[in-house]
A.B. asks: 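Handing you a structure now.
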There are 2 protein chains.
Amino acid sequence: MTDHNHIDQYISAQDIQEMEQGYRANLINCLSGPRAVFLIGTADKDGNSNLAIFNSIIHLGADPPLLGMLSRPDSVERHTLENIRDTGFYTINSIHREILAAAHQCSARYLRTDSEFIKTGLSAEYRPGFHAPYVAASKLRIGMKFLEEKRIEQNQTILIIGQIEYLYLPEGLIDADGNASIFNIEPVVSCGLSTYGLASEHAKLPYAKP
Amino acid sequence: MTDHNHIDQYISAQDIQEMEQGYRANLINCLSGPRAVFLIGTADKDGNSNLAIFNSIIHLGADPPLLGMLSRPDSVERHTLENIRDTGFYTINSIHREILAAAHQCSARYLRTDSEFIKTGLSAEYRPGFHAPYVAASKLRIGMKFLEEKRIEQNQTILIIGQIEYLYLPEGLIDADGNASIFNIEPVVSCGLSTYGLASEHAKLPYAKP
């Protein structure tokens, strides 16, 4: 395999520690590479809806079907985290190009009494027997039951663990082997805190053998 | 916001539970959407190198600079996990199109004594004072110090938490605000277990305000 021939920039732990806080936050947030962004829908106990954009959804396992998501520390008001704790339910909704601007706007710091659904024009959709609202415009929508949270002691971030209860996706997306053509719903990915990208299918590779 | 007008397929928790195991694994693995894949480089205490492909790298925080990655249960032999536990160090290396085939081949079940570096032709690169090998061809390379692991009780998967010690990336990639143009290194993303994609920059959106 040919090695790359660009000139590398080298950054040490010491360099990172001495960076200005915002510069460091931007840089470190970029390093985990592009990943899908989703809208997390919740409602508080009184039914006030909330919608937030997350890029930290992670597959935890298929049996039982678990997804994780990372929440920043609860030292300040975190409406999504509080609603999940209080009600036990949330939704994960995909983002495609046409709703990206509205989805990004959900990252603004609205008051608890201001629903991002109303402020951004993204319609909420409720299904019978499920407390949390879905994003009507999303192509992939997942209804989640909260199971537990794990605190990362080093920085007080919180891994929220949930189980898939309901799944809505376009008819015909799943093939005979169970693979869903997620690239066909044109998922938006993000890199860092402000840069969004689009992803397209490149190759299906067969199960690798020695 | 206009709602979508395709016909939804609806899948319940009961449906998921009744799926054939492989079908379910494929489907659930797709749902978290496209995310960057990386090669994880390690060496055991005797210096035998190992290289594995992971799509579960997650940003945990910038101060201190932490990345997480999810390992499947340690009920069977997991060379990467064992090497990280035994030596305390690992590397995270980006994957671009030209090395994707070799990177995917690292998912084959090689014997402990067979190095994926040699089997796939990806050259290892060692730096003074750091036990784990980097992938010479990768454009973004991160030297990690293992901090701790958290077990997800529901399925015995393990969240590996590490701190960034060294960072190598192409000169000129980081802008004045600290944002690294990761899309410029042409990162490969994956959806599910066998489908790879490419990601490209779409939009930079300003910090959102109410």
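Chain A is the first sequence line, chain B the second, and so forth, proteins listed ahead of strands; every chain is numbered from 1.
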A.B. asks: Please state whether the side chain, the backbone, both or neither of A/Arg72 comes within less than 4.5 Å of a heavy atom of chain B.
C.D. replies: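 Contact with chain B: none, neither part.
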A.B. asks: Grab the two heavy atoms, one from B/Leu67 and one from A/Ser32, that are nearest each other, plus how far apart they are.
C.D. replies: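 Scanning both residues completely, I find the closest heavy atoms to be CD2-CB, 4.3 Å.
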A.B. asks: I need the B/Ile58 CD1 to A/Arg35 CZ distance, nearest 0.5 Å.
C.D. replies: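 Interatomic distance, B/Ile58 CD1 to A/Arg35 CZ, rounded to 0.5 Å: 6.0 Å.
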A.B. asks: Measure across A/Leu60 and B/Asn155 and return the closest heavy-atom pair with its distance rounded to 0.1 Å.
C.D. replies: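 Answer, listing the atom of A/Leu60 first, then B/Asn155: O-ND2, 2.7 Å.
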A.B. asks: Would B/Leu31 and A/Ile92 satisfy side chain to side chain contact (heavy atoms under 4.5 Å, CB included), going step by step from the backbone distance to the final call?
C.D. replies: CA-CA 10 Å; B/Leu31 298 182; A/Ile92 298 177; over 6 Å; no
A.B. asks: Could you measure the distance from the CD1 atom of B/Ile16 to the OH atom of A/Tyr166? Nearest 0.5 Å is fine.
C.D. replies: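 It comes to 11.0 Å.
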A.B. asks: Is there side-chain contact between A/Leu27 and B/Leu167, with heavy atoms separated by less than 4.5 Å?
C.D. replies: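 The answer is yes; the side chains approach within 4.5 Å.
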A.B. asks: Does any part of the side chain of B/Val189, heavy atoms only, come nearer than 4.5 Å to the side chain of A/Phe183, both counted from C-beta?
C.D. replies: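 Side chain of A/Phe183 against side chain of B/Val189, heavy atoms only: contact under 4.5 Å found.
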A.B. asks: What pair of heavy atoms forms the shortest contact from B/Tyr196 to A/Leu205, and how long is it?
C.D. replies: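 Scanning both residues, the minimum pair turns out to be CE1-CD1, 3.7 Å.
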A.B. asks: Got a sec, which residues hit side-chain hydrogen bond (donor to acceptor under 3.5 Å, both in side chains) with A/Asp114, two or more places apart in sequence or on another chain?
C.D. replies: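 Applying side-chain hydrogen bond (donor to acceptor under 3.5 Å, both in side chains) to A/Asp114 gives none.
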A.B. asks: Distance check, rounded to the nearest 0.5 Å: B/Asn179 atom CG versus A/Asn29 atom CG?
C.D. replies: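 One gets 9.0 Å once the value is rounded to the nearest 0.5 Å.
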A.B. asks: Does the side chain of A/Val188 come within less than 4.5 Å of B/His202's, by heavy atoms?
C.D. replies: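 Counting from C-beta outward, B/His202 and A/Val188 never come under 4.5 Å.
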A.B. asks: What is the minimum heavy-atom distance between B/Gln105 and A/Ala208, and which atoms define it?
C.D. replies: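 Taking B/Gln105 first and A/Ala208 second, the nearest heavy atoms are OE1-CB, 4.0 Å.
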A.B. asks: If you define the side chain from C-beta out and look only at heavy atoms, does anything of B/Ile164 sit under 4.5 Å from A/Ile11?
C.D. replies: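 Of all side-chain heavy-atom pairs linking A/Ile11 with B/Ile164, none is under 4.5 Å.
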A.B. asks: Distance check, rounded to the nearest 0.5 Å: A/Ile174 atom CD1 versus B/Asn26 atom CG?
C.D. replies: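 Interatomic distance, A/Ile174 CD1 to B/Asn26 CG, rounded to 0.5 Å: 10.5 Å.
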A.B. asks: Write down the atom of A/Ala180, the atom of B/Cys30, and the distance for their closest heavy-atom approach.
C.D. replies: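 Smallest interatomic distance, heavy atoms only, reads N-SG, 3.4 Å.
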A.B. asks: How close do A/Gly172 and B/Gln9 get, counting heavy atoms only, and between which atoms?
C.D. replies: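 Reported closest heavy-atom pair: N-OE1, 4.2 Å.
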A.B. asks: Against chain A, label B/Leu111 side chain, backbone, both or neither, depending on which of its atoms sit under 4.5 Å from a heavy atom there.
C.D. replies: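 It is neither, since no heavy atom gets under 4.5 Å.
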A.B. asks: Which answer fits B/Ile142, side chain, backbone, both or neither, if we ask what part of it has an atom under 4.5 Å from a heavy atom of chain A?
C.D. replies: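 It is the side chain, since no backbone atom gets that close.
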A.B. asks: Hey, is the main chain of B/Pro206 close enough, under 3.5 Å, to the side chain of A/His104 for a donor-acceptor pair?
C.D. replies: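 Indeed, once roles are kept as given, a pair shorter than 3.5 Å links the two residues.
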A.B. asks: For B/Leu140, is it the side chain, the backbone, both or neither that has a heavy atom under 4.5 Å from a heavy atom of chain A?
C.D. replies: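 Only the side chain of B/Leu140 comes within 4.5 Å of chain A.
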A.B. asks: Counting only heavy atoms closer than 4.5 Å, note whether A/Asp15 contacts chain B via side chain, backbone, both or neither.
C.D. replies: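 Interface part for A/Asp15: neither.
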A.B. asks: In terms of heavy-atom proximity below 4.5 Å to chain A, should B/Thr157 be classed as side chain, backbone, both, or neither?
C.D. replies: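 Only the side chain of B/Thr157 comes within 4.5 Å of chain A.
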A.B. asks: Side chains of A/Ile28 and B/Asp63, heavy atoms from C-beta outward: is any pair under 4.5 Å?
C.D. replies: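 Sidechains of B/Asp63 and A/Ile28: no contact.
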A.B. asks: Got a sec, which residues hit side-chain hydrogen bond (donor to acceptor under 3.5 Å, both in side chains) with B/Glu153, two or more places apart in sequence or on another chain?
C.D. replies: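 Residues passing side-chain hydrogen bond (donor to acceptor under 3.5 Å, both in side chains) with B/Glu153: A/Lys150.
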